[in-house]
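Everything below concerns the one structure shown next.
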4 protein chains.
Amino acid sequence: MMTKHAPAAAFEDDGDPDDQTVARRGRPVGDRESKRNELLRAGIATIAELGYSGASLRKVASRAGHTTGAVTYYFQNKEAMVRAILEHLFDEWDTLLDIGGAVGDLRQRFRRWKEMNTDSDQWMAQFQLLAQARHEPALAEIYQRRYSAYRARLTATVAMQQRSGEVRDDIAADIIADQIAALADGWAMMFPIEPERFVGTRMDELTDAVLKMIEPPAKAVRR
Amino acid sequence: MMTKHAPAAAFEDDGDPDDQTVARRGRPVGDRESKRNELLRAGIATIAELGYSGASLRKVASRAGHTTGAVTYYFQNKEAMVRAILEHLFDEWDTLLDIGGAVGDLRQRFRRWKEMNTDSDQWMAQFQLLAQARHEPALAEIYQRRYSAYRARLTATVAMQQRSGEVRDDIAADIIADQIAALADGWAMMFPIEPERFVGTRMDELTDAVLKMIEPPAKAVRR
Amino acid sequence: MMTKHAPAAAFEDDGDPDDQTVARRGRPVGDRESKRNELLRAGIATIAELGYSGASLRKVASRAGHTTGAVTYYFQNKEAMVRAILEHLFDEWDTLLDIGGAVGDLRQRFRRWKEMNTDSDQWMAQFQLLAQARHEPALAEIYQRRYSAYRARLTATVAMQQRSGEVRDDIAADIIADQIAALADGWAMMFPIEPERFVGTRMDELTDAVLKMIEPPAKAVRR
Amino acid sequence: MMTKHAPAAAFEDDGDPDDQTVARRGRPVGDRESKRNELLRAGIATIAELGYSGASLRKVASRAGHTTGAVTYYFQNKEAMVRAILEHLFDEWDTLLDIGGAVGDLRQRFRRWKEMNTDSDQWMAQFQLLAQARHEPALAEIYQRRYSAYRARLTATVAMQQRSGEVRDDIAADIIADQIAALADGWAMMFPIEPERFVGTRMDELTDAVLKMIEPPAKAVRR
DNA sequence: AATGAATGAGGTTTCATTCAT
DNA sequence: TATGAATGAAACCTCATTCAT
């Protein structure tokens, strides 16, 4: 229905499409959608493992247990698949970040970030796609749009915490947000190369340091 | 000048071409090295522009004005070429960072970093190779070795500035160094996607913010 | 008939093309096998003519009227193709040797051998692959397995004829079988270089000589 | 004098070049010749190990401790080198076969053959070149010429032994010689693939069998 | 006499993509 | 809806050969 090459696709769930739509919270899901998601997941795992150019359609397909043709059936071409993957990655990222976003506890936020990074292929794939985005305008556009939205929300959170006195206000909120985002990116960047720098207590030290650096200086002095 | 197909080579020793000819009897030894460097430079530019997998030997060769065979003549294979490129990049980076390293002025250091990034292909290539290092152990080894050396030097500088009171000492020097390195990496990572975030005054704001975050809290309070 | 680029394929099922079309619903399954056989045949001819290393995938493909990609689609790589070819050659060889194997007439057997050799590319390809087997363990394994099976059957035939008094029994059956096999190999080896040694009557003389050498000595004396 | 990088090498033994020429029986030997021989030997070893197409000039050169250029300096091209190698192989073969050729003892002849085969690369290289001769007329010519000369000498020996009653005379001498040559070729052909068939006593059994098959039938009956 | 830098053709292989079924 | 056979371009790499030195 939202894909280009599925002329008869809409007819399958004509019995009662809505009950599905309701159950799974707004997503028009069906066999088609779930198969597409399988492919997306396989794509993420493959890109994480082998990089963008290493993730051939054949490999993605076989990891998902489908045929090569299936991939090009569900996605116009490789670029389209990768675009879908990237949007999907941002979707999941947003979901995770939003849960408890209201709490405004930065430490908890970092903990979640760490869990995401160590647990899944998501960050690895993100990183690989970022490298590819340098050459693929379609990907760059997605990054610009979604990443700036992410930073905007981060900025809002920081601003809120500046008002409540939890975060220093002698640096503009958007600058602090940028620094936090850059830090997280920088860490994620080196994580696969030197994972030992991010184990156990050292990760906590890094987190503590960030919190210290952005806390109001007065607080630190009093301590 | 003495090579058949190296038009650019002649510009290298334009100071006094004869002294070379005279000094080196028989075969031109220097040519080998300079040709190799030509190829390295072409490789860096190509990787920066097209990424690791986009930088085919053909493209690198033709950018250097040579044939594909020449590349594999100078380097055993693509991996060897890329290894050489990465070491070369770190060499140049070290050289740049070491100049004025004794001064210990972080602001100056950031300014140099910014110049490097905006001026050349070097950071772009670094980033692309880092993404590739995820899949190529030989590259990962180089990163581990040289990046940790870089962080060690940065840590030493930070420690020195902690002793002189310029940098806060309530966070371990190696943690601060790591944060600075990660910040720089994170910035470099997003720079090609959203260059507008790093123009003119904003880059200064980011730099100032870092300096503020790592200065002793007391200093900030007094201000 | 149902393949795009297989002009020769149509000749295979000229008996009644429709029964295939009717029998197999959906995708044409048989085509796959027949196409594969086309490629095998082309491979045999090419190896016979140009040797193992001369038989590039490009040449094999174009002889079969296909693209290079088709070859690597049907066979994982060149080695796999050659393995398939060798097994195929042994299969055909076995088939031919088995027909009338029960008769136990060695002269007839030699005649068949001669027909095989002069008629087709099979022996030429066999010989080329044997030379290659020296460097390719996978081929060597096939030779060991199938060639020893062939000698075993030959030994059984010889033993049978020893019991019936047609073959001398003062030499062990397996040794005689080995000699016969070696002779055939040696002839086949020189055949392409000096074909004039194996024409018409001289081939018969050679055959007669073998039969004389393995007949019971008493028989020869009486003559 | 016999080292690689001596530009003035030819001038070194100008004292009396003839004594060498005399000592080594008519061969115009000198540095040039010995270096050439080094390359030939390296070529034989390389072809034996890797086959014709696997024996690149680079590999041959480096095995001989020389540069690639040296090979093309001493031989017009690869084909010329291989021709020289093949002639050289036949030369050595002839030398070995001629020693004691007068004795006419076939058993001793087989023993020597066996020693040659198991000891050296010579037969392996021969076999590889024979396979290549199929496609290279220049090699085929050499085989025809030298191999037929070899068979002629073998025929003469057999004829002599037929007259002395050691060999059966109910088969023409040239046919027997051909069979012996073919047997030897056939054995050599399979030797690298199934060496276990030619160890110790089994080799003796094979030899004995040949002798039995070519001995006068009367002799065998009396036994 | 000898070197080795450089070439360019050709090898195997992988890949995204198309399309008949 | 989904498959998978087939394509053809392009990748990396090796090689025989040439030629200035």
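Letters A, B, ... mirror the listed sequences (proteins, then strands); counts begin at 1. Because only heavy atoms are used, hydrogens play no part in the values below, and waters and symmetry mates are left out as well, while side chains stay in.
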Nearest-nucleotide pick for [X], side chain only, options being [options]:
X: C/Thr68; options: E/dT7, F/dA11, E/dT13; answer: E/dT13
X: D/Thr67; options: F/dC13, E/dT13, E/dT3; answer: E/dT3
X: D/Lys59; options: E/dT12, F/dA2, F/dC15; answer: F/dC15

With side-chain hydrogen bond (donor to acceptor under 3.5 Å, both in side chains) as the test, pick out the partner of A/Thr46 among A/Gln128, A/Arg63, A/Arg41.
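In the set A/Gln128, A/Arg63, A/Arg41, the residue that makes a side-chain hydrogen bond (donor to acceptor under 3.5 Å, both in side chains) with A/Thr46 is A/Arg63.
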Just the rounded figure in Å: distance from [atom2] of [N] to [atom1] of [X].
X: A/Lys35; N: F/dA2; atom1: NZ; atom2: P; value: 4 Å
X: A/Gln76; N: F/dA2; atom1: CD; atom2: C1'; value: 18 Å
X: D/Lys78; N: F/dT14; atom1: NZ; atom2: P; value: 15 Å
X: A/Ile47; N: E/dC15; atom1: CD1; atom2: P; value: 14 Å
X: A/Leu57; N: E/dA16; atom1: CG; atom2: C1'; value: 6 Å
X: D/Leu39; N: E/dA1; atom1: CG; atom2: C1'; value: 14 Å
X: D/Phe75; N: E/dA2; atom1: CZ; atom2: P; value: 13 Å
X: D/Arg36; N: E/dA2; atom1: CZ; atom2: C1'; value: 16 Å

Has A/Tyr74 got a side-chain N or O lying under 4.0 Å from the OP1 or OP2 atom of F/dA2?
yes
Closer than 4.0 Å, any side-chain N/O of D/Ser56 to the OP1 or OP2 of F/dT14?
no
Does D/Glu79 CD have over 12 foreign heavy atoms under 6.0 Å away?
yes
Around atom CD of A/Glu141, are there more than 12 heavy atoms from other residues, nucleotides or ligands closer than 6.0 Å?
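For A/Glu141, atom CD is crowded (more than 12 foreign heavy atoms under 6.0 Å).
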So which one's nearest nucleotide on DNA chain E is more toward 5', C/Asn77 or B/Thr72?
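It is B/Thr72 whose nearest nucleotide is closer to the 5' end.
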Show, in sequence, the C-alpha distance, side-chain angles and deciding distance for A/Lys59 and A/Glu49, and conclude whether the side-chain contact (heavy atoms from CB on, under 4.5 Å) test is met.
CA-CA 11 Å; A/Lys59 281 176 196 147; A/Glu49 193 183 329; over 6 Å; no
Tell which nucleotide pairs with F/dT21, taking only Watson-Crick or G-U wobble pairs whose two distances are both under 3.5 angstrom.
E/dA2
Using purine N1 to pyrimidine N3 plus N6-O4 or O6-N4 for Watson-Crick, or N1-O2 and O6-N3 for G-U wobble, both under 3.5 Å, which nucleotide pairs with E/dG11?
F/dC12
Heavy-atom donor-acceptor pair, C/Arg58 side-chain to E/dG11 base, under 3.5 Å:
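Side chain to base: pair found, below 3.5 Å.
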Test side-chain contact (heavy atoms from CB on, under 4.5 Å) on C/Tyr52 and C/Lys78; report intermediate values, then the result.
CA-CA 10 Å; C/Tyr52 174 88; C/Lys78 182 173 181 178; 3.9 Å; yes
